[in-house]
Amino acid sequence: MAHEQHEQHEQHGQHGPGAGHGHAHGHGHGHGHDTEIDWAEMAPHLEAQAELFAPLYEKALSWLGKEVTEPGLIVDAGSGPGVVSCLFAEVFPGARVMAVDGSGPLLERARARAGRLGHADRFGTLTGELPGVLEELDYPADLIWAGRSLHHLGDQRAALAAFAERLAPGGTLAIMEGGLPSRFLPRDLGFGRPGLQARLDALEAEWFARMRADLPGAVEETEDWAALLSAAGLTHTRTRSFLLDLPAPASDRARAHIAASLDRLRDVFGDTLDADDRAVLDRLLDPQDPAGVHQRPDVFVLAAHSVHTAVKPVQ
Ligand SMILES: C[S@@+](CC[C@H](N)C(=O)[O-])C[C@H]1O[C@@H](n2cnc3c(N)ncnc32)[C@H](O)[C@@H]1O
């Protein structure tokens, strides 16, 4: 059965975070928050990031493939530009994949990608606000994946309950949340005060808390994912973490990701950083500087993302 393509819900005020997650740009939407994101504007970064992280996603999906046998319908909730949705289509050749997101322009990219990769006949998109938009699905899902999207929803507990509601009996909910902050830089760069990336991580953690607090309907929640999945009526909770290890010397693609991520950090935290760290970041981002990330030989990408799964009981 081919999936319908819904375009009816235009995106409204979505919010989102940083490098591992997609960084806010300083301009916001006039509410004076530094935590609002223009998701469509983030498209190239989200796409490039997911492509770079493909080896990590492939490991995660291959693990899921052992947990979930022959899913008929896979829903990628908060799919963004559909890089991971298309990996699902590849890893599960018998499944239909529905990419769901609040951003129409990102889903356009997802459809174009699915077409290019030959998955169009079993690939659909649904545009609208999560989790409510899932009510528009014609069928319950055998696998719902929410990759780094749940933390953009104000009430994560309610969202998990809504996701669980849309699962078929025996279906699996898998969320990618948490892990470790990504690392790109040696602790000591040979100039500036050592430990820049740890200081940036601390700023990001504060930003993340502000981002969550600014979300519409924000509810504070203990992020015990297994407990939240159980509270949604699901069983057999499991967690596994997956590593992306791209050691130095970095490929051009990895280098571009590092530069784009640091550029976004410079944008968001430039005014918060002390003058020395800001000067170091400027130097790192200067394409002409041999000590910058465009040229130096010792930059790398090391990241870990956690996947938490649970199963809907068969009544
Ligand atoms: C960090 S991106 C993750 C994209 C993709 N899952 C990945 O891992 O590459 C978060 C995605 O969630 C979507 N999103 C955020 N808030 C949303 C909401 N309230 N309703 C629907 N989608 C939302 C954004 O448009 C964005 O595509």
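Both ligands and their constituent atoms are indexed starting at 1 by order of listing. FYI, side chains are in, hydrogens and waters are out, and symmetry mates aren't considered; it's all heavy atoms of this structure. If you're wondering where the values come from, they're calculated on a predicted model, not measured in any experiment.
Contacts of Leu106 with ligand 1, taken as heavy-atom pairs under 4.0 Å, involve the side chain alone. Only backbone heavy atoms of Ser79 (N, CA, C or O) come within less than 4.0 Å of ligand 1; its side chain stays farther off.
Polar contact check, Asp101 against ligand 1: a nitrogen or oxygen pair lies under 3.5 Å apart. Any N or O atom pair closer than 3.5 Å counts here, and Gly78 shares at least one such pair with ligand 1. Looking at ligand 1, you'll find an N or O of Gly147 within less than 3.5 Å of one of its N or O atoms. At least one N/O-N/O distance between Glu129 and ligand 1 falls below 3.5 Å. Here's the thing with Pro81: none of its N/O atoms is less than 3.5 angstrom from an N/O atom of ligand 1. Taking any N or O of Leu130, backbone or side chain, at least one lies under 3.5 Å from an N or O belonging to ligand 1.
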Show every donor-acceptor pair shorter than 3.5 Å between a side-chain atom in residues 289-297 and any protein atom, with sequence neighbours excluded, or say none if there are none.
| from | atom 1 | to | atom 2 | distance (Å) |
| --- | --- | --- | --- | --- |
| Asp289 | OD1 | Ala291 | N | 2.8 |
| Asp289 | OD2 | Arg283 | NE | 2.7 |
| Gln295 | NE2 | Pro287 | O | 2.9 |
| Gln295 | NE2 | Gln288 | O | 3.3 |
| Arg296 | NE | Asp298 | OD1 | 2.6 |
| Arg296 | NH1 | Leu189 | O | 3.4 |
| Arg296 | NH1 | Ala291 | O | 3.0 |
| Arg296 | NH2 | Leu189 | O | 3.1 |
| Arg296 | NH2 | Asp298 | OD1 | 3.4 |
| Arg296 | NH2 | Asp298 | OD2 | 2.8 |

Distance-only donor-acceptor hits, side chain of residues 57-68, under 3.5 Å, sequence neighbours excluded:
| from | atom 1 | to | atom 2 | distance (Å) |
| --- | --- | --- | --- | --- |
| Lys59 | NZ | Leu243 | O | 2.8 |
| Glu67 | OE1 | Arg238 | NH1 | 3.0 |
| Glu67 | OE2 | Arg238 | NH1 | 2.5 |

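Atom-to-atom distance recorded for Glu206:CD and Arg210:CZ is 7.0 Å, nearest 0.5 angstrom. Rounding to the nearest 0.5 Å gives a distance of 6.0 Å between CG of Leu52 and CZ of Arg253. Residue Leu153 holds its CG atom at 9.0 Å from CG of Leu160, rounded to the nearest 0.5 Å.
For the pair Val83 and ligand 1, no heavy-atom separation below 4.0 Å is found.
With a 6.0 Å radius and a threshold of 12 heavy atoms from other residues, nucleotides or ligands, Asp274 has its CG atom above the threshold.
Annotation: cation-pi pair Arg166/Tyr139 absent, no NZ/CZ under 6.0 Å from the ring centroid and within 45° of its normal.
Annotation for ligand 1: atoms under 4.0 Å from non-hydrogen atoms of Leu153 are 17 (C), 18 (C), 19 (N). Near Gly102, with a cut-off below 4.0 Å to any heavy atom, the atoms of ligand 1 are 21 (C), 22 (N). Close approach of ligand 1 to Tyr57 is summarised as follows: ligand atoms under 4.0 Å from at least one heavy atom of the residue are 8 (O). Near Gly128, with a cut-off below 4.0 Å to any heavy atom, the atoms of ligand 1 are 20 (N), 21 (C).
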Using the salt bridge (charged side-chain N to carboxylate O under 4.0 Å, His left out) rule, take Arg157 and Glu220 through it: C-alpha gap first, then chi angles, then the decisive distance, then the call.
CA-CA 10 Å; Arg157 179 184 290 267; Glu220 281 184 26; over 6 Å; no
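Judged purely by distance below 3.5 Å, without hydrogens or angles, the side chains of His151 and Gln156 never pair a donor atom with an acceptor atom.
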